[in-house]
Amino acid sequence: MNHQELAELLFPHIHKTRDDYDRIYPPRALKEGAMVTRLGPSPTGFIHLGNLYGAFVDERLATQSGGIFYLRIEDTDDKRQVEGAVEVIINSLRFFDIQFTEGATLEGSVGDYGPYYQSQRAEIYQCYVKELVAKGLAYPCFLTEEEITAIREQQELTKENPGIYGKWAANRNLSPEQAAQWIEQGKPYVIRLKSQGKADASPEDVTMIQVEDGIRGTLEMPENIQDVVILKANGIPTYHFAHVVDDYLMRTTHVVRGAEWLSSLPVHIELFRLLEFPIPVYCHTAQLMKLDDSGNKRKLSKRLDPELSLDYYRNEGYHPKAVREYLLTVLNSNFEEWRIANPDLPMEEFPFSIEKMSSSGALFDLNKLQDISKDVLLRIPASELVDFMKGWSAEFRPEILSLFEGREDYLARILDLGRSGDKPRKDLINASQIFQFIRYFYEDYFQIEDPAPDNVTTPDQIHILEAYLATYDHQDDQSVWFDKIRAIAEESGYAAKPKDYKKNPDLYKGHVGDVSTVIRIAVMGRSQSPDVWEIQQILGEETTRGRIRSRLDWLKS
RNA sequence: GGCUCCAUGGUCAAGCGGUCAAGACACCGCCCUUUCACGGCGGUAACCCGGGUUCGAUUCCCGGUGGAGUCACCA
């Protein structure tokens with residue numbers, strides 16, 4: 001019996017050959033330089049910032065070059081499967097405006113290079129495994145779990161590198177007859193790669209391989225010697241094998257993935273070479289890091305860090321555009337510069353490049369996100385922000401949705417407060433912060449939050465508010481209105497101008513700022529806020545007077 | 001532990017043999033100002049260490065240190 005016959009025995013149901021698949025999945029007819037990228041999440045139901053980060057790179061690269069960006073579901077491990085996970089992935093990415101041109105979608109698969117679920121591609125993988133077995137480049141391995149554990153323990157004892165390779169790979173030189181016999185006896189097995197690497201090389205003459213990485217330049221690492229499992233006992237391939245076959249057949253040009261894959265790169269390279277597939281351009285992105293409590297950098301972790309979850313941003317109400325811009329600043333070091341030069345261009349016009357990506361891990365910086373978010377929100381019209389606030393509250397704060405619904409114009413005026421002119425306010429960050437920031441506009445959420453200034457006595461407060469109420473005319477324009485405040489200040493013993501007070505602090509009880517703070521607290525409940533006059537115009541005369549009256553009642557009691 | 005990746009201010013980062021070592025965020029001060037925000041001006045603050053190579057190293061090489069990743073029939 002030879003390898004060819006063993007392959008036939010192993011895969012009697014596989015009749016297609018690589019030529020058939022090359023015909024079914026021909027090279028893509030794309031223009032020169034078009035990139036084909038993909039996102040290959042495993043459907044665990046958890047999608048995080050790292051996924052979005054990678055997806056964003058894929059999407060930029062593909063759309064910028066007029067290529068294809070497709071979604072492939074890597075569901076080769078049934079233990080990780082979670083119901084509805086694919087929907088979660090697609091919806092989350094769609095929320096952040098990541099769109100696929102091909103692959104798995106909510107409406108089913110789109111494109112000619114499917115199926116896009118790895119679990120449906122078993123026959124395809126097996127065709128190539130069969131070929132490898134026939135060539136003697138892969139073999140059935142009958143090692144049991146216990147035997148493998150024993151090998152590892154032995155290796156630990158003698159401090160040798162762990163794994164099934166070289167002399168440890170007990171079945172790599174099994175005769176086809178013996179293999180056939182065990183198969184017929186029903187012994188369980190997996191298919192392992194028969195690595196062509198020099199397993200017994202001394203440390204000095206280990207063969208090194210060189211790989212060009214789009215982000216990191218030339219990578220040099222030892223060749224693979226491990227007889228890795230390529231087909232599991234259930235006939236489904238491992239990631240390594242599925243990756244190589246799929247990215248070849250789907251004609252992926254650029255494989256963007258996290259740096260955690262770097263160490264298995266030699267395995268992939270060997271597989272590409274043995275299968276005689278062209279090697280795609282690998283782009284290993286840096287990991288997103290975080291500072292832990294002891295001050296060390298570490299990879300963001302799903303369990304420890306809520307900000308890793310995409311849900312965190314949606315929950316807090318960060319605008320998708322803000323998250324995208326933040327990601328872009330982390331991704332491409334020259335983006336900030338470009339943004340300063342082109343404040344009004346859509347970020348899609350920024351020429352994204354792989355070369356400008358950093359190879360060291362970026363620390364997640366919430367401050368930066370907030371700063372960017374302020375600028376991004378400023379460029380979004382109030383009407384759009386209104387819709388955004390409604391969408392956010394409908395999903396995460398249904399109890400406040402009714403505040404906005406039916407009163408969209410009111411909200412729009414609030415959100416636009418102080419945003420016009422050449423020095424617009426930039427204090428809107430995310431939906432939950434916005435609500436906190438503006439809630440005094442809504443009766444149910446209005447309350448006195450801050451104490452009056454220390455230098456203003458209660459009788460003075462009463463006097464100020466009574467005078468204010470008496471002279472208040474809702475029709476006054478801003479300067480008339482403020483002149484009245486100055487007048488009240490003066491006749492109450494407060495300087496009409498802060499500078500006067502600074503010059504002669506002994507002559508006054510305070511200055512006009514203290515007077516307006518008293519009013520501010522009565523009307524807004526807080527000592528700090530945007531312009532009082534504008535706020536009152538939005539609140540309306542009745543509400544304004546009502547709040548001052550009830551403040552007076554309270555002060556007097 | 002083996003292997004791999006990474007290393008410029010608190011954070012993100014320009015730099016790619018000769019610079020007073022950019023810029024952004026954060027922080028501090030001043031100005032503007034009825035508060036806050038915005039804006040303007042200014043400030044504190046960095047090339048991990050040790051060897052080489054070189055007339056000259058942040059930059060190139062080697063070693064160390066530190067951080068990270070990875071060593072599954074998980075991806």
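Every chain is numbered from 1 and lettered A, B, ... according to where its sequence line falls, protein lines coming before strand lines. On a predicted model such as this, the values are computed, not experimentally measured, just so you know. Below, all heavy atoms of this structure are taken into account, side chains as well, without hydrogens, waters or symmetry copies.
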Notebook entry, point to check: Is the side chain of A:Ser420 donor-acceptor paired with the backbone N or O of A:Asp416 at a distance under 3.5 Å, no angle test?
Noted result: no
Check: Going through the checks in order, is the ring-ring contact (aromatic ring centres under 6.0 Å, His included) test met by A:His319 and A:Tyr326?
Finding: CA-CA 11 Å; A:His319 194 100; A:Tyr326 172 69; over 10 Å; no
Notebook entry, point to check: At under 4.0 Å between heavy atoms, what does A:Ser529 touch on the DNA or RNA strands: base, sugar-phosphate, or nothing?
Noted result: base
Check: Per the atom types in the model, does the base of B:U34 pair as donor or acceptor with the side chain of A:Ser516 at under 3.5 Å?
Finding: yes
Next item on the list: For A:Gln436, look at atom CD and say whether over 12 heavy atoms of other residues, nucleotides or ligands are found less than 6.0 Å away.
Entry: yes
Notebook entry, point to check: Among B:U34, B:C73, B:C71, which is the nearest nucleotide to the side chain of A:Lys232?
Noted result: B:C73
Check: When you measure from every atom of RNA chain B, which of residues 331-345 of chain A have a heavy atom less than 4.0 Å away?
Finding: A:Ser333, A:Glu336
Margin query: Just to be sure I understand the rule, does A:Glu220 reach a base, reach only the sugar-phosphate, or reach nothing, if contact means heavy atoms closer than 4.0 Å?
Written below: sugar-phosphate
Check: Side chain of A:Gln528: nearest nucleotide among B:C74, B:C38, B:U35?
Finding: B:U35
Item checked: Nearest listed nucleotide, side chain of A:Pro222, among B:C25, B:U4, B:C36 -> B:U4
What does the list of N/O pairs under 3.5 Å between the protein and nucleotides 44-48 of chain B look like, with a distance for each?
none

Notebook entry, point to check: The side chain of A:Gln478 lies closest to which of these nucleotides: B:C38, B:U34, B:C5?
Noted result: B:U34
Margin query: Between B:A26 and A:Lys368, counting only base atoms on the nucleotide and side-chain atoms on the residue, is there a donor-acceptor pair under 3.5 Å?
Written below: no
Checklist line | Sugar-phosphate, base or nothing in reach of A:Val229, heavy atoms under 4.0 Å | finding: sugar-phosphate
Check: For A:Glu316 and A:Asn430, does a side-chain donor sit closer than 3.5 Å to a side-chain acceptor?
Finding: no
Notebook entry, point to check: Taking only residues two or more places apart in sequence or in another chain, which ones pass side-chain contact (heavy atoms from CB on, under 4.5 Å) with A:Ser92?
Noted result: A:Ile47, A:Val88, A:Leu310, A:Arg314
Check: Which value, in whole Å, describes the distance between the P atoms of nucleotides B:G69 and B:A57?
Finding: 36 Å
Checklist line | A:Glu337 side chain to A:Asn334 backbone, donor-acceptor under 3.5 Å | finding: no
Check: So with a 6.0 Å cut-off around CD of A:Glu83, is the heavy-atom count from everything else above 12?
Finding: no
Note to self: Checking A:Tyr494 against A:Asp460: is there a side-chain donor and acceptor pair closer than 3.5 Å?
What the structure shows: yes
Check: Where the side chain of A:Asp531 is defined as all heavy atoms beyond and including C-beta, which of B:U4, B:U34, B:C25 is the nearest nucleotide?
Finding: B:U34
Check: Among B:C74, B:A26, B:U33, which nucleotide sits nearest the side chain of A:Asp77?
Finding: B:C74
Next item on the list: Please work out which of the three classes, parallel, tilted or perpendicular, describes the rings of A:His240 and A:Trp261, given edges at 30° and 60°.
Entry: perpendicular
Next item on the list: Answer with yes or no whether the side chains of A:Tyr239 and A:Asp77 bring together a donor and an acceptor at under 3.5 Å.
Entry: no
Item checked: Residue list, side-chain contact (heavy atoms from CB on, under 4.5 Å) with A:Glu490, at least two apart or on another chain -> A:Ala496
Check: Between A:Glu223 and A:Lys198, is there a donor-acceptor pair closer than 3.5 Å when you use the side chain of the first and the backbone of the second?
Finding: yes
Item checked: Listed nucleotide nearest any side-chain atom of A:Ala233, set B:C73, B:C38, B:U33 -> B:C73
Check: What does A:Ser264 touch in the nucleic acid at a heavy-atom separation under 4.0 angstrom: a base, only the sugar-phosphate, or nothing?
Finding: nothing
Next item on the list: Please report the shortest heavy-atom distance between A:Thr252 and A:Tyr70, naming the atom on each side.
Entry: OG1-OH, 2.7 Å
Notebook entry, point to check: Picking from B:C5, B:G2, B:C25, which would you name as closest to the side chain of A:Leu219?
Noted result: B:C5
Notebook entry, point to check: Checking all strands, does A:Arg257 fall into the base, sugar-phosphate, or nothing category for heavy-atom contacts under 4.0 angstrom?
Noted result: nothing
Notebook entry, point to check: Looking at B:C5, does its base get a donor-acceptor pair with the side chain of A:Arg216 below 3.5 Å?
Noted result: no
Checklist line | Which nucleotide in B:C74, B:C71, B:U34 has an atom nearest any side-chain atom of A:Lys79 | finding: B:C74
Notebook entry, point to check: Where does the angle between the aromatic ring planes of A:Phe350 and A:Phe352 fall among parallel (under 30°), tilted (30 to 60°) and perpendicular (over 60°)?
Noted result: perpendicular
Polar pairs (N or O, both sides) under 3.5 Å between protein and nucleotides 39-41 of chain B?
residue	atom	partner	partner atom	Å
B:G39	OP1	A:Lys426	NZ	2.9

Note to self: Using a 5.5 Å cut-off between ring centres and planes within 30 degrees, is A:Tyr239 stacked on the base of B:C74?
What the structure shows: no
Notebook entry, point to check: According to the Watson-Crick and G-U wobble definition with distances under 3.5 Å, which dot-bracket string, read 5' to 3', encodes RNA chain B, using [ ] for crossing pairs and | for pairs with another strand?
Noted result: ((((((((.[[[..)..(....]]].(((((.......)))))....[[[[[..)....]]]]])))))))....
Notebook entry, point to check: Do A:Lys503 and A:Lys497 touch side chain to side chain, with heavy atoms closer than 4.5 Å?
Noted result: no
Check: In whole Å, what separates the P atom of B:A7 from that of B:C12?
Finding: 12 Å
Next item on the list: Starting from the 5' end of RNA chain B, give me the residue, A:Ser42 or A:Trp481, whose nearest nucleotide shows up first.
Entry: A:Trp481
Item checked: C1' atoms of B:C55 and B:A45, separation to the nearest Å -> 32 Å
Check: Between B:U70, B:U33, B:C73, which nucleotide has the shortest distance from any of its atoms to the side chain of A:Ser263?
Finding: B:U70
Next item on the list: Hey, which sits more toward the 5' end of RNA chain B by its nearest nucleotide, A:Lys374 or A:Thr76?
Entry: A:Lys374
Margin query: With rounding to the closest Å, how many angstrom separate the C1' atoms on B:C60 and B:C73?
Written below: 46 Å
